[in-house]
Protein chains: 2
Amino acid sequence: MRDTDTLSAEDLAIAGGFERFYEVLRRLTPRSELSLTAASTLRRLERSGPHRLCELHAPEGVSQPAMTQLITRLEKEGLAKRGSDPDDGRAVVVTITDDGRAAVARRREGRTRALSALLEQLPAEDHAAILAALPALERLSDLMAEQPPL
Amino acid sequence: MRDTDTLSAEDLAIAGGFERFYEVLRRLTPRSELSLTAASTLRRLERSGPHRLCELHAPEGVSQPAMTQLITRLEKEGLAKRGSDPDDGRAVVVTITDDGRAAVARRREGRTRALSALLEQLPAEDHAAILAALPALERLSDLMAEQPPL
DNA sequence: ATTTTTTATATCACCAACTTATGAAAGTCC
DNA sequence: GGACTTTCATAAGTTGGTGATATAAAAAAT
């Protein structure tokens, strides 16, 4: 009934490792100025440019009102701004500001610095193995990103 | 002034990859019955046995009142229980229940299943690279876990 | 052996970020 | 041009967090 047999031992090992990794990685980003969703949304705006509000909430896994409120907060803090689409009066086009980019960069640098200190303590072969798996993780991330809402 | 030069290109690449990976991994665990802290705490209790309340809040990165409230919630849902230490009348010893273990297992299985479906779509060499990096990630997780509060 | 200080947990009042339900305005379709 | 649809905002309630503070047990000091 449990249907566990469709899961290979390897997949179980990978999922277990990721679970643990996720939890410790979570702690590596200290109580920041940005919430998880705020950071992720800003990074999206930075990576792939301005988006309409309705294009943001589903990929970030929150409701539409939550996204409206998040954008309001980000706007209040000067990290993003609302614009309008001349061709569609309903639309709100959200753009990241320079301050927003700076906030993302600060967060990234803080995490990178902490990670870097840890990577130094790792044996060289572990360092190499992680580096070697990076493109694979990248492709896996791509797959996850274009996933149905699960 | 930025002092960025102490960060190697490799570390930057790793941190960038992890950042992305973290965000998509976050979405892979659907709006579950357990909050992030609740899941992480239960996993800790499962992995390393009963703990006093004061030993839990710092590693999980929340305040002591937050942990008190979390344990109260978990107890109400039957996922953990409070006990006492005969040698120290102040202490509250928290233990995971069978229901708690089941909840952790359900969560893990859901995530594993979703991950497994994605891993299948990955080229075999990517799959292999991730598998090869797993022990390294494990050791990195250990390092992160015993990290000062950052 | 008291008194004082420290430690472990709980409670309180508040806040941030979400939820569902609903409303209003702009666009689309016969 | 009226009915439906899409997009965003607002309202009210919930959850999980915070700092300040209370209480009780243990440890330290006198």
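- For the 3.5 Å distance criterion, the side chains of A:Ser116 and A:Glu120 fail to qualify, holding no donor opposite an acceptor.
- Judged by distance alone, with hydrogens and angles left aside, the side-chain atoms of B:His51 form a donor-acceptor pair with the main-chain N or O of B:Gly49 at under 3.5 Å.
- Closest contact between the side chain of B:Gln64 and the listed nucleotides D:dC8, C:dA10, C:dA8 involves C:dA10.
- Separating the CE atom of B:Met67 from the P atom of C:dT11 is a distance of 16 Å, rounded to the nearest angstrom.
- Within the 4.5 Å cutoff, the side chain of B:Asp11 has heavy atoms near those of the A:His127 side chain.
- Straight-line distance from the CG atom of B:Leu36 to the C1' atom of C:dA17: 13 Å, rounded to whole Å.
- The shortest distance between side-chain heavy atoms of B:Leu74 and B:Val94 does not fall below 4.5 Å.
- Between B:Arg73 and D:dT15 there is no side-chain polar atom (N or O) within less than 4.0 angstrom of OP1 or OP2.
- Protein atom CZ of B:Arg26 is 13 Å distant from nucleotide atom P of C:dA17, rounded to whole Å.
- Residue B:Arg82 has no polar side-chain atom (N or O) positioned under 4.0 Å from OP1 or OP2 of C:dT9.
- When only modelled atom types and interatomic distance are considered, A:Glu60 and A:Thr37 share no side-chain donor-acceptor pair under 3.5 Å.
- Considering only the side chain of B:Val62, D:dG17 comes nearest among D:dG17, C:dT19, C:dA8.
- Rounded to an integer number of Å, the gap from B:Leu56 CG to C:dT9 P is 9 Å.
- Rounded to an integer number of Å, the gap from B:Ile71 CD1 to C:dT9 P is 10 Å.
- Between A:Thr68 and D:dC8, a side-chain N or O to OP1/OP2 separation shorter than 4.0 Å is absent.
- A donor-acceptor pair is defined here as one N or O able to donate and one able to accept, closer than 3.5 Å; such a pair exists between the side chain of B:Thr97 and the backbone of B:Leu79.
- Going from atom CD of B:Glu60 over to atom C1' of D:dG16 covers 14 Å, rounded to whole Å.
- Whole-Å rounding puts the A:His57 NE2 to C:dC18 P distance at 13 Å.
- OP1 or OP2 of C:dC18 lies within a sub-4.0 Å distance of a side-chain N or O belonging to A:Thr37.
- Phosphate proximity of D:dG17 to B:Ser63: absent, as no side-chain N or O sits under 4.0 Å from OP1 or OP2.
- When rounded to the nearest whole Å, the span between CD of B:Glu33 and P of D:dG16 equals 12 Å.
- Here A:Thr72 lies out of heavy-atom contact (under 4.0 Å) with every strand.
- Side-chain atoms of B:Gln69 come within donor-acceptor range of the base of D:dT18, with a qualifying N/O pair under 3.5 Å.
- Between B:Glu33 and B:Arg106, at least one side-chain nitrogen of the basic residue sits less than 4.0 Å from a carboxylate oxygen of the acidic one, meeting the salt-bridge criterion.
- Less than 4.0 Å separates DNA chain D from at least one heavy atom of each of the following residues of residues 83-97 of chain B: B:Asp88, B:Gly89, B:Arg90.
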